[in-house]
Structures are given as C-alpha cells and as structure tokens.
Amino acid sequence: MIAIIKAGTPQSQIDNLVHWLEHQGIKPYLSAGDYYTVLGLVGDTSKIDMDLLASLEIVQSVKRVTEPFKRVSRDFQPKDTVIDLAGTKIGGGSFCIIAGPCSVETHEQIIGVAKAVKAAGANILRGGAFKPRTSPYDFQGLGALGIEMLLEAKKETGLPIITEAMNINQLPLFEDVDIIQIGARNMQNFDLLKEVGKLRKPVLLKRGLCGTIKEWLMSAEYIMSEGNEQVILCERGIRTYETYTRNTLDLSAIPLLKNLTHLPVVVDPSHATGQARLVKPMSLAATAAGADGIMIEVHNDPPHALCDGAQSLTPEQFADVAARVRKIREVIA
Ligand code: PEP
Ligand code: MN
C-alpha cells in the first residue's frame with residue numbers, strides 16, 4: 001500500500017502518522033520528494049482501514065499495491081486447489097458437471113433426475129431443499145425432508161450431493177451433504193461464511209447479484225480465514241441493465257479468477273441466463289473460457305417445475321449439453 005502525503009505537511013505530523021502505522025505492525029518506508037512525500041507501507045496491510053487513512057487531513061491519496069485477500073490468492077498458494085469428494089475431483093484440471101433440479105420436489109422426481117443426469121455424465125447431484133425465493137408466497141423448499149431425499153438419491157446413484165444452506169441454524173442438517181452451497185443472496189452473510197469456515201467440508205460460494213470480483217474473493221477469504229480451505233467459486237451472472245436475460249453471465253470472470261486465485265471456478269449458466277435455450281451455448285462458452293465445471297438445472301418435467309422451470313433442461317437436453325461440453329474439453333486440453 002502506498003500513501004501520498006500532501007505537500008507542505010509538517011514533519012511532526014508525518015512522524016505521528018508513521019508511529020500510528022508502526023503501532024499497527026506496518027513498516028512505513030518514507031520517500032521525500034520536492035513536492036510530495038510517499039509512504040510505502042510494508043506488512044499485513046489487510047488490517048489497515050484504507051478509507052480512514054485516505055480521509056486524514058495530511059493524506060492526498062492511498063493506493064493498494066497488493067490485494068486485500070491473502071489465503072485465496074495465487075501469490076499465497078500457486079498450486080490449484082483440488083477438491084476431492086471420494087474420487088470425484090474439482091479443480092486442478094479435473095472438470096465437474098453438477099446437475100439436478102432447482103428444488104427437490106418429490107422422492108420420484110429427485111431419484112429419477114439423479115439417475116438420468118448420472119447416465120448423461122454428471123458427477124454431482126444438485127437440488128435445493130431450502131430455497132431463497134423472491135416472493136414469500138412461492139414454494140420455499142422441502143427443508144429437512146428435501147435433504148433426506150437427496151441422501152436417498154445419493155445412495156441410489158452414488159453421486160455426491162450439493163445443496164444450499166440459507167442460515168447457520170440449518171447447518172446441523174448438512175452433516176452428510178458433500179458440498180454446502182452459499183447462494184448469491186448470502187455472498188456477504190459474514191456470520192454464515194464464518195460458520196461454514198469452521199467446518200471441514202467443501203463450500204460452493206456463489207457470486208452475489210451485485211458482487212464485484214474483489215468482494216466475492218473477500219467472502220471466500222472469510223471462509224478460508226476460519227480454516228476451511230475447500231472453497232469453490234461459482235459465477236452465476238450479475239445484475240445489469242439488460243432485461244432479456246435473468247442476469248448477465250460474466251465470462252471474463254473465469255480467466256480473471258484463474259489468474260487471481262487457486263480456487264476452482266465453476267459456472268452456472270441456468271441462473272445466469274434464466275432461459276433453457278441459452279444454457280447450452282453458455283455452457284460451451286464457459287468450458288472454453290477455462291471453467292473447472294458447470295452447474296446446470298435439470299428437471300424431469302420443466303413446465304411443471306415448482307421453481308425455475310423456464311431455465312431447466314430436460315434430461316435429454318442435458319445429455320446433449322454434457323456430451324458437447326466434453327468435446328470442448330478435449331479440444332482445449
Ligand atoms: C440455486 O442455485 O438454487 C440458486 C438459488 O442460485 P443463486 O443463489 O445463484 O440465485
Ligand atoms: Mn434455481
């Protein structure tokens with residue numbers, strides 16, 4: 001971090017600032033020019049309140065040189081993080097396909113979809129038991145019963161399962177769940193992030209509706225700072241002024257993140273677009289851009305789905321997407 005001190009600042013005031021920074025464990029290196037004095041701050045600057053520093057009367061501007069996130073950074077860990085679910089790997093060159101309904105509805109539905117997506121090449125089964133819905137009058141998910149049904153589907157098919165936790169109180173129900181999903185609306189629910197950080201279980205962290213990449217990585221840092229190193233990032237589109245699509249899929253986030261962090265990056269083209277017919281092209285594009293996996297909503301009967309039917313693929317459509325995605329992987333390998 002670099003702080004530029006205003007011209008004509010008395011030395012005594014610069015000394016005061018230097019002492020204040022040293023008190024916070026920072027080593028300030030002074031470089032006095034004819035017009036400005038530049039302070040180079042070395043040490044763990046993540047604890048420094050940049051806005052507070054910039055607001056000081058004697059400070060002209062402040063610039064971060066290193067990123068505020070540490071554990072998620074490639075500088076901290078150059079090697080890709082690989083999540084291993086009893087042989088099913090995510091990251092480090094292993095591609096994963098997560099598929100299943102938006103929400104678990106019935107025993108027959110989840111078992112049927114699980115078998116179909118497995119046959120088409122999915123490695124992980126998704127299904128919401130606790131659903132964050134825009135309207136309180138919409139289907140809210142089956143809750144604990146939904147998790148039980150997912151566990152039965154896991155038993156039948158051998159597929160590991162992922163499902164969303166919306167708050168801390170629900171976490172005891174997730175003991176046998178393989179990956180805990182933190183939804184877009186909870187990307188900055190810091191209490192929840194800290195709590196899943198205490199677990200030793202993979203967490204898939206979705207990008208918030210209006211989350212910048214830096215904010216998203218800082219949320220991943222919250223989880224990792226509690227000791228949980230198994231974090232997967234999921235790009236699911238961000239809110240823009242465009243209304244034809246549900247959200248705008250930020251494909252550039254994939255190569256950008258692969259550079260900034262060692263964590264696996266997967267893409268959810270279903271929530272990103274909101275339209276079933278856009279899921280295939282966006283799945284192919286995300287794969288070509290270097291994603292470590294994709295997450296697709298699949299329903300046995302999309303027109304009658306209790307949630308997100310318009311963006312859900314039939315098992316047949318999903319099988320086609322999965323086959324094409326594998327072809328793209330072969331080309332870019
Ligand atoms: C989901 O994947 O079920 C979901 C609700 O997605 P998001 O949090 O990205 O809206
Ligand atoms: Mn959904």
Side-chain angles (χ1 to χ4, degrees), residues 96-105 109-110 113 117 122 124-136 138-143 146-147 149-150 161-167 170 174 177-189 192-193 196 202-211 213 215-216 219-220 223 231-240 245-251 253-254 265-276 278-279 282-283 286 291 293-314 317-318:
C96 75
I97 302 183
I98 307 170
C102 179
S103 49
V104 180
E105 297 173 6
Q109 174 238 22
I110 192 65
V113 173
V117 297
I124 300 168
L125 176 68
R126 67 149 284 149
F130 296 98
K131 296 303 304 174
R133 303 303 303 276
T134 304
S135 166
D138 286 341
F139 177 56
Q140 305 286 306
L142 296 179
I147 294 187
M149 290 180 183
L150 276 169
I161 54 169
I162 174 170
T163 190
E164 176 170 351
M166 284 170 59
N167 68 56
Q170 293 162 354
F174 284 65
V177 168
D178 298 282
I179 306 175
I180 299 176
Q181 178 170 320
I182 302 295
R185 289 151 194 84
N186 271 319
M187 186 196 86
Q188 286 191 316
N189 181 338
L192 181 57
L193 297 178
V196 295
V203 174
L204 179 136
L205 177 65
K206 287 198 146 193
R207 183 177 185 177
L209 275 73
C210 299
I213 288 176
E215 287 165 343
W216 187 14
S219 293
I223 301 171
V231 180
I232 305 157
L233 298 167
C234 178
E235 162 63 39
R236 46 79 72 205
I238 46 174
R239 181 159 287 179
T240 67
T245 46
R246 185 174 179 182
N247 292 288
T248 297
L249 179 58
D250 182 5
L251 282 174
I254 306 163
V265 180
V266 310
V267 171
D268 170 353
S270 306
H271 291 91
T273 63
Q275 297 182 43
L278 298 182
V279 169
M282 290 302 97
S283 299
I294 47 172
M295 175 151 86
I296 295 180
E297 285 190 342
V298 180
H299 196 279
N300 50 314
D301 183 11
H304 295 103
L306 294 182
C307 184
D308 287 350
Q311 68 194 32
S312 299
L313 302 188
T314 61
Q317 289 168 328
F318 169 71

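Just so it is clear, the structure is predicted and the values come from calculations on it, not from any experiment. Order of listing sets the numbers, starting from 1, for every ligand and every atom in it.
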### Query
Does the distance from a Lys or Arg side-chain N to an Asp or Glu carboxylate O, for Lys131 and Asp308, drop under 4.0 Å?
no
### Query
Are any side-chain N or O atoms of Asn186 and backbone N or O atoms of Asn189, one a donor and one an acceptor, separated by less than 3.5 Å?
no
### Atoms of ligand 1 close to Lys206 [distance to a heavy atom under 4.0 angstrom, numbered from 1]
1 (C), 2 (O), 4 (C), 6 (O), 7 (P), 8 (O), 9 (O)
#### Entry: Donor-acceptor contact present, side-chain Arg126 to main-chain Ile296, <3.5 Å
no
### Message
My understanding is that only one of Leu233, Ile98, Ile124 makes a side chain to side chain contact (heavy atoms under 4.5 Å, CB included) with Leu204; could you say which?
### Response
Ile98
### Task
Measure the distances from the heavy atoms of Arg207 to every atom of ligand 1 and state whether one is below 4.0 angstrom.
no
#### Entry: For Glu164, the ligand 1 atoms whose distance to one of its heavy atoms is below 4.0 Å
5 (C)
### Message
Between Thr163 and Gly127 (side chain of the first, backbone of the second, donor and acceptor by atom type, cut-off under 3.5 Å), is there such a pair?
### Response
yes
### Summary
Closest to atom 8 (O) of ligand 1 among protein heavy atoms sits Ala184 N, 2.8 Å
### Query
Between Asp178 (side chain) and Ile161 (backbone), is there a donor-acceptor pair under 3.5 Å?
yes
## Note on the structure
min-distance protein heavy atom vs atom 4 (C) of ligand 1 -> His271 NE2, 3.5 Å
### Query
How far does CD of Glu164 sit from CZ of Arg185, to the nearest 0.5 angstrom?
8.0 Å
### Message
Check this for me - ligand 1, Gln181, N or O atoms closer than 3.5 angstrom, yes or no?
### Response
yes
### Query
Should you measure from each heavy atom of Arg126, which atoms of ligand 1 turn up under 4.0 Å away?
1 (C), 2 (O), 3 (O)
### Query
At a 4.0 Å threshold, what atoms of ligand 1 neighbour a non-hydrogen atom of Arg236?
7 (P), 9 (O), 10 (O)
### Message
Going by side chain to side chain donor-acceptor pair (under 3.5 Å), Thr240 matches just one of Asn247, Asp250, Thr245, Thr248. Which one?
### Response
Thr248
### Message
Quick one, His299 and Cys102 - any side-chain contact, counting heavy atoms below 4.5 Å?
### Response
no
### Message
Between Glu105 and Leu306 (side chain of the first, backbone of the second, donor and acceptor by atom type, cut-off under 3.5 Å), is there such a pair?
### Response
yes
### Task
With 2.8 Å as the limit, jot down which protein N, O or S atoms are around the Mn ion (ligand 2).
Cys102 SG, His271 NE2, Glu297 OE2, Asp308 OD2
### Query
Which atoms from ligand 1 have a heavy atom of Gly183 less than 4.0 Å away?
8 (O)
